[in-house]
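Here's the structure we're looking at; comments come further down.
So that the names make sense, note that chain A is the first sequence line, chain B the second, and so on, each numbered from 1. Below, each value reflects all heavy atoms present in this structure, side chains not excepted, and no hydrogens, waters or symmetry copies.
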There are 2 protein chains.
Amino acid sequence: MARRTQGTSAGLDRGKIARAAVALVDRDGLDRFGVRRLAQELEVDPMSIYHHIKGKAALLDAMSEAVLVEMMADAGDPPAGWAETARWIARHYRELAYRHPEVFPLLVTRAQTAPVALTALDRLIGAMRTAGLPDRVVADAPMTLFGFLNGYLLAVLNGQPGTAPSVDPAAYPGLASVAPLQHDYGTAAEFDRLVDTVLAGLDARAATGTGDPLT
Amino acid sequence: MARRTQGTSAGLDRGKIARAAVALVDRDGLDRFGVRRLAQELEVDPMSIYHHIKGKAALLDAMSEAVLVEMMADAGDPPAGWAETARWIARHYRELAYRHPEVFPLLVTRAQTAPVALTALDRLIGAMRTAGLPDRVVADAPMTLFGFLNGYLLAVLNGQPGTAPSVDPAAYPGLASVAPLQHDYGTAAEFDRLVDTVLAGLDARAATGTGDPLT
DNA sequence: CTCCCGAAATCTACGCCGTAGGTTTCCGGC
DNA sequence: GCCGGAAACCTACGGCGTAGATTTCGGGAG
């Protein structure tokens with residue numbers, strides 16, 4: 001803990017703080033995280049952080065923006081076709097979640113207004129519009145897809161890796177009977193299958209022409 | 001703050017504590033919530049709560065169980081047909097979320113092993129099996145549906161009620177162009193439409209016979 | 001070259017929080 | 001009438017977020 005004397009620069013800035021915070025949460029978990037621990041990690045006084053970031057809430061916002069930026073940096077360009085674009089987004093988003101499982105809940109809980117998030121949505125909408133899908137389906141697609149992605153990934157990350165929770169077969173015969181089919185709980189194969197299910201739902205509504213639901 | 005003398009009974013039990021905690025969070029918000037504030041509300045010493053509930057994490061578990069129990073108490077019996085059952089679950093779950101918006105994040109974040117939650121899933125699975133849907137689709141349905149429900153409701157509840165977040169039209173033309181169609185952001189109509197989209201996806205997979213995705 | 005000012009970082013302090021450990025009081029069963 | 005265990009309380013500790021005042025330094029104006 002070598003503190004410098006007051007006034008000397010520690011080279012802090014918003015991005016550097018956010019990246020250090022992400023690394024700390026990845027290592028120690030979200031509930032152990034705090035401004036003081038982060039300051040200790042940066043070898044800095046806790047209050048120094050407040051000169052770059054307004055409060056803890058803003059710090060958490062900066063962290064979620066940082067992981068989104070990291071994701072888009074590695075991503076390259078999306079493929080052609082609206083369904084392929086959606087799958088491409090979904091896969092990269094899943095990879096982000098597995099790379100920073102402790103940070104991911106922040107993305108879900110906080111409203112996403114970072115440019116990098118809006119850009120991804122804009123690409124999806126653009127691909128769907130050029131494919132000629134009904135406007136109503138296009139407008140609903142982001143909420144439908146990211147609703148699922150957020151809820152699903154949150155659930156899978158919270159459980160211990162690789163195993164679905166087990167239940168009493170006598171009390172819940174239906175649940176128990178399908179349990180063997182959940183052997184791939186949390187795998188990429190399951191993820192792709194469920195994403196395709198959601199996309200199939202959008203496709204089915206597009207096929208009605210008006211974009212209204214079937215029933 | 002009329003404390004009783006040591007030893008006298010305050011009539012505490014797990015359910016009563018959980019219901020008081022839910023009421024407190026509904027009123028003051030989740031981040032203002034704490035064991036000490038809850039104790040003050042119950043006119044009780046903070047440590048008394050620990051004789052009934054092991055720690056703060058267990059307290060949060062008890063709260064999410066309490067709201068689920070409340071939901072099922074008002075629910076009645078599910079209708080016939082798997083899609084109707086799914087919609088019935090979805091609507092009651094949404095009502096729960098809007099009745100306890102500050103508590104809802106707890107449901108999403110924590111693994112659901114309460115009997116009342118498992119019962120609802122078991123009913124859905126039973127309805128799908130008797131409808132003759134492929135096992136694979138049946139097995140995937142809970143994760144698909146609740147993934148969407150959790151993610152969607154979390155997003156809608158976090159935004160301010162009634163309005164979708166607005167963006168710069170020049171920077172994100174696609175997003176801006178569909179913005180007018182999101183006038184019903186957060187309404188029951190939008191919710192029903194998106195739930196039907198997800199159900200349509202499950203139905204589409206069932207129609208292939210094997211339950212495999214289309215593409 | 002000197003002075004000064006604003007930005008960066010630090011120091012101090014306050015009121016919360018979760019909870020471990022020990023103590024007091026009451027009540028039902030013998 | 002006594003006693004053991006359950007229920008509640010009291011004290012204390014370490015940690016938290018952050019408001020407000022203070023110190024220090026780099027760099028531009030004269």
Whole angstrom value for the distance that separates C1' of dT24(D) from CG of Asp45(A)
14 Å
Mind jotting down which residue pairs meet the salt bridge (Lys or Arg N to Asp or Glu O under 4.0 Å) criterion with at least one end in residues 18-27 of chain B? Sequence neighbours excluded, please.
Arg27(B)-Glu41(B)
Among dT19(C), dT18(D), dA9(C), find the nucleotide with the atom closest to the side chain of Tyr50(B).
dT19(C)
Protein-nucleotide distance (Ile49(B), atom CD1; dT19(C), atom P), rounded to Å
11 Å
Over how many whole Å does the gap from His51(B) atom NE2 to dG5(D) atom C1' extend?
12 Å
The correct set of residues in residues 52-63 of chain B placing a heavy atom under 4.0 Å from DNA chain D is His52(B)
Identify, with sequence neighbours excluded, every residue that meets side chain to side chain donor-acceptor pair (under 3.5 Å) alongside Glu190(B).
Tyr152(B)
Gap between atoms CG and C1', on Leu42(A) and dA8(C) respectively (whole Å):
15 Å
Measure the distance from CG on Asp28(B) to C1' on dC16(C) and round it to the nearest whole Å.
15 Å
Spacing of Glu43(A) atom CD relative to dA8(C) atom P, expressed in whole Å:
21 Å
Please evaluate residues Tyr93(B) and Phe104(B) with respect to the criterion ring-ring contact (aromatic ring centres under 6.0 Å, His included), reporting the C-alpha separation (whole Å), side-chain torsions for both, the decisive distance (0.1 Å), and the verdict.
CA-CA 10 Å; Tyr93(B) 197 61; Phe104(B) 186 73; 5.5 Å; yes
For dC16(C), does either OP1 or OP2 sit under 4.0 Å from a side-chain N or O belonging to Arg37(B)?
no
Can you tell me the distance, in whole Å, between the CE atom of Met47(A) and the P atom of dT12(C)?
14 Å
How many whole angstroms separate atom CZ of Arg36(B) from atom P of dG15(C)?
14 Å
Mind checking side chain to side chain donor-acceptor pair (under 3.5 Å) for Arg37(A) and listing every partner two or more places apart, or none if nothing turns up?
none
Tell me every residue that passes side-chain contact (heavy atoms from CB on, under 4.5 Å) with Leu121(B), counting only those two or more places apart in sequence or in another chain.
Leu175(A), Pro142(B), Phe146(B)
Contacts of His92(A) meeting side chain to side chain donor-acceptor pair (under 3.5 Å) (sequence neighbours excluded), chain-then-number -> none
